[in-house]
Amino acid sequence: MIIDMNESYKELMVKKEKGTKEAVERISCIVAVVLLGLATLFSGNLLFFIAAVALGVLTYFVFQWTDIEYEYLYLDKEITIDKVMAKARRKRAAVLDVNKIEIMAPEGSSQLEYHKNRQVKIVDLSAGHDLPGQKLYAVYYEGSQMFLLNLDEDFVKTVKMVAPRHVFL
């Protein structure tokens with residue numbers, strides 16, 4: 001979803017896809033709660049009941065932590081990235097000053113060859129791969145970090161108007 005008010009404001013939502021790790025976490029929590037619930041019914045043991053309730057609460061949080069969306073917002077030479085968990089909780093993940101971006105280019109492009117072997121902290125704020133209408137971009141920032149973002153062409157063109165030598169399509 002893109003909301004376009006003018007050339008200095010862009011908003012983009014990216015849903016992080018659930019991988020096998022997240023699916024295994026969710027299924028294991030559900031199976032454990034069901035087994036403890038059945039053990040409580042057949043044994044009548046209070047300890048099983050307490051463990052089932054505690055694991056039920058943990059399952060709730062696992063579902064919250066594995067349902068993630070990223071909201072990218074470009075406003076006045078600044079890209080703000082929020083992590084939205086379960087469409088209920090919002091946490092600021094990063095704020096990027098466009099003037100401090102060294103290079104922004106599609107992942108695997110030739111423009112990134114020079115930066116490839118650098119030791120940087122990688123911050124993945126993306127779906128993990130290209131999405132329909134969105135490419136996975138690598139953003140090298142302040143020499144010490146690389147952000148992975150899913151961006152569409154319109155969002156990148158808006159940033160390119162501010163930093164044309166650092167942004168590649």
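Side chains are part of it too, since the values below use all heavy atoms of this structure and drop only hydrogens, waters and symmetry mates. Being a predicted model, the structure only gives us computed values, none of them experimental.
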Tabulate below the donor-acceptor pairs under 3.5 Å that side-chain atoms of residues 80-87 make, not counting sequence neighbours, or state none.
from, atom 1, to, atom 2, distance (Å)
Asp82, OD1, Arg92, NE, 2.7
Asp82, OD2, Arg90, NH1, 3.1

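Remark: Asn99 pairs with Lys77, Asp97, Val162 by the side-chain contact (heavy atoms from CB on, under 4.5 Å) rule, at least two apart or across chains. Take Ser28 and apply the side-chain contact (heavy atoms from CB on, under 4.5 Å) test, not counting sequence neighbours, and it matches Val24. Applying the ring-ring contact (aromatic ring centres under 6.0 Å, His included) test to Phe61 and every residue at least two apart in sequence or in another chain returns Trp65. Legend: residues meeting ring-ring contact (aromatic ring centres under 6.0 Å, His included) with Tyr140, ordered by chain and number and at least two apart, are His115. Partners of Asp124 under the side chain to side chain donor-acceptor pair (under 3.5 Å) rule, at least two apart in sequence or in another chain, are Ser126.
Nearest heavy-atom pair across Leu151 and Met104 is CD1-SD, 4.0 Å. Closest approach of Pro106 and Phe168 over heavy atoms only: CD-O, 3.6 Å. Contact between Leu55 and Cys29 at its shortest, heavy atoms only, is CD2-O, 4.4 Å. Residue Val156 comes nearest to Val167 through the heavy atom pair CG1-CG1, 3.5 Å, listed as atom of the first residue, atom of the second, then distance. The two residues Ala127 and Asn150 make their nearest non-hydrogen contact at N-OD1, 2.6 Å. Closest approach of Tyr72 and Leu149 over heavy atoms only: OH-CA, 3.5 Å.
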ask   = Between Gln111 and Ser109, is a side-chain hydrogen bond (donor to acceptor under 3.5 Å, both in side chains) present by the stated rule, with each step listed?
value = CA-CA 5 Å; Gln111 288 90 355; Ser109 68; 3.2 Å; yes
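Val98 and Phe147 fall within a single hydrophobic cluster, where Ile, Leu, Val, Met, Phe, Trp and Tyr are joined by side-chain heavy atoms under 4.5 Å apart, directly or via other members. If you chain together hydrophobic residues whose side chains sit under 4.5 Å apart, Val139 and Leu112 never meet in one group. Leu125 is connected to Val159 through a chain of hydrophobic side-chain contacts under 4.5 Å among Ile, Leu, Val, Met, Phe, Trp and Tyr, so both are in one cluster. Under a hydrophobic clustering in which Ile, Leu, Val, Met, Phe, Trp and Tyr are joined whenever their side-chain heavy atoms come within less than 4.5 Å, directly or via other members, Val34 and Phe42 fall into the same cluster. Hydrophobic clustering of Ile, Leu, Val, Met, Phe, Trp and Tyr side chains at less than 4.5 Å, counting indirect connections, unites Val123 with Leu12.
The distance from atom CG of Asp154 to atom CD of Gln134, rounded to the nearest 0.5 Å, is 11.5 Å. In this structure, Gln145 CD and Ile101 CD1 are separated by 11.5 Å, a value rounded to the nearest 0.5 Å. Between atom OH of residue Tyr9 and atom OG1 of residue Thr158 there is a gap of 12.0 Å, rounded to the nearest 0.5 Å. Separation of atoms OH (Tyr141) and CD (Glu102) is listed at 10.5 Å; rounding is to 0.5 Å. Remark: Lys15 NZ to Tyr70 OH distance equals 11.0 Å, nearest 0.5 Å. Distance OG1/Thr59 to CD/Gln64: 12.0 Å, rounded to 0.5 Å.
Around CD of Glu153, the count of heavy atoms belonging to other residues, nucleotides or ligands within 6.0 Å does not exceed 12. Other residues, nucleotides and ligands contribute at most 12 non-hydrogen atoms within 6.0 Å of the NZ atom of Lys157.
Contact of the Arg26 side chain with the Asp67 side chain is registered, since non-hydrogen atoms from C-beta on lie closer than 4.5 Å. You'll find the side chain of Leu169 reaches within 4.5 Å of the side chain of Tyr137, heavy atoms only. Annotation: side chain of Ile30 is in contact with side chain of Phe63 (closest heavy-atom distance under 4.5 Å).
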